[in-house]
Amino acid sequence: MQKNNVTTFILLGFPDLHGYRTAFFIFLLMSYPITICGNLMVIVLVSCSKTLHSPMYFFLTQLTTSDILTSSSVVPNMLHMVLHNGSSMSFLGCMTQFFFFGSAECSECLLLTVMSYDRYLAICHPLHYHSIMYPMLCLKYIFSFWLLGFTVTLIQTVNICQLYFCRSNVIDHFFCDFDPILKLSCSNVMRVKLLSMLLGVPFIVFPFSVMVVSYAYIVHTILRIQSITGRQKAFLTCGSHLAVVSIFYGTLFSIYLIPEKGNSISFRKSLSIIYTVVTPLVNPVIYCLRNRDINEAFQKLMCR
């Protein structure tokens with residue numbers, strides 16, 4: 001393996017912000033602590049309230065953990081980047097950021113899938129729900145998802161580290177993402193890209209297919225409910241999850257499945273902001289805003 005000429009990467013970030021730089025910096029500075037506090041609050045509420053000790057809320061705590069990891073791996077360096085109009089990052093630092101960000105995203109794909117399956121069981125097979133979705137199985141799901149997420153991303157990170165980088169060390173992005181890193185390599189990256197495409201099947205295509213099928217059955221079951229109140233309650237139960245899935249996969253497909261030639265760099269950066277900054281920020285709001293159980297648990301916690 002050849003020794004890399006590149007030991008440091010220069011992240012351009014957002015060179016075209018101009019007069020909006022201060023406003024964007026303030027937005028990031030406010031959104032990051034709100035994101036951390038909001039997601040931690042969900043974890044605390046589920047942990048402290050016995051009424052929230054169910055598979056749905058247990059999976060929700062893991063989703064919020066994934067959001068904290070995603071935001072923490074990207075946003076702090078973004079703040080430095082916006083403030084100084086770019087930033088530098090060591091090769092090791094770049095690979096570390098890629099590893100933790102990728103692990104969180106892979107795990108989130110699987111978590112959203114099991115959450116849709118959980119809603120399918122709760123709505124379509126309520127009598128068998130507790131016998132199928134028992135606590136030990138939930139723990140096995142979570143352990144497997146995090147293990148798979150970290151393992152697969154570690155394999156990709158090691159493969160990238162074995163590439164030879166001799167071109168420019170400038171990454172026209174605000175974090176170390178897969179495609180921008182590969183553009184700087186002088187090696188044949190076909191093997192790495194092929195592996196990425198193969199891994200996209202169990203982590204993106206298969207989970208998305210499971211969610212589509214689950215919601216098809218859910219909608220079919222809900223439409224058969226006679227009472228309007230019953231329908232509204234059922235839709236409310238899975239509506240928040242469907243909104244999160246739509247935002248997450250909508251941006252994911254737009255960035256990684258649509259050919260790069262069809263999108264400008266600025267457009268792809270804007271989409272990346274959605275799932276690195278906006279999604280972790282709004283997920284707790286989406287799940288908690290109209291959730292009676294979480295609102296009641298929050299009120300009880302405040303009364304203590």
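- Closest heavy-atom contact between Thr64 and Ile43: OG1-CG1, 3.3 Å.
- Results of the side-chain contact (heavy atoms from CB on, under 4.5 Å) test with Val277 over Val75, Val74, Thr35 single out Val75 as the only residue that passes.
- Checked against the 6.0 Å centroid threshold, Tyr120 and His125 count as a close aromatic pair.
- Between Phe24 and Tyr20, the distance separating the two ring centers is not shorter than 6.0 angstrom.
- Annotation for Ile222 and Arg231: closest pair O-CG, 3.5 Å, computed over non-hydrogen atoms.
- With Pro284 as the partner, the side-chain contact (heavy atoms from CB on, under 4.5 Å) test is satisfied by one option alone out of Val42, Leu60, Leu63: Val42.
- Under the side-chain contact (heavy atoms from CB on, under 4.5 Å) test applied with Cys288, the options Asp293, Ile294, Asn283, Leu45 reduce to a single match, Ile294.
- For the 3.5 Å distance criterion, the side chains of Thr70 and Glu105 qualify, holding a donor opposite an acceptor.
- Within 6.0 Å of CZ in Phe298 there are 12 or fewer heavy atoms belonging to other residues, nucleotides or ligands.
- With a 6.0 Å radius and a threshold of 12 heavy atoms from other residues, nucleotides or ligands, His130 has its NE2 atom at or below the threshold.
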Output a table of donor-acceptor pairs, distance under 3.5 Å, between side-chain atoms of residues 195-215 and any protein atom two or more places apart or on a different chain; print 'none' if there are none.
from   : atom 1 : to     : atom 2 : distance (Å)
Ser209 : OG     : Val205 : O      : 2.8
Ser214 : OG     : Val210 : O      : 2.8
Tyr215 : OH     : Cys238 : O      : 3.3
Tyr215 : OH     : His241 : ND1    : 2.6

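- Side-chain contact check for Phe175 versus Thr276: some heavy-atom pair is nearer than 4.5 Å.
- Less than 6.0 angstrom separates the ring centroid of Phe91 from the ring centroid of Phe165.
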Trace of the salt bridge (charged side-chain N to carboxylate O under 4.0 Å, His left out) decision for Lys269 with Asp172
CA-CA 9 Å; Lys269 286 181 184 179; Asp172 192 3; 2.8 Å; yes

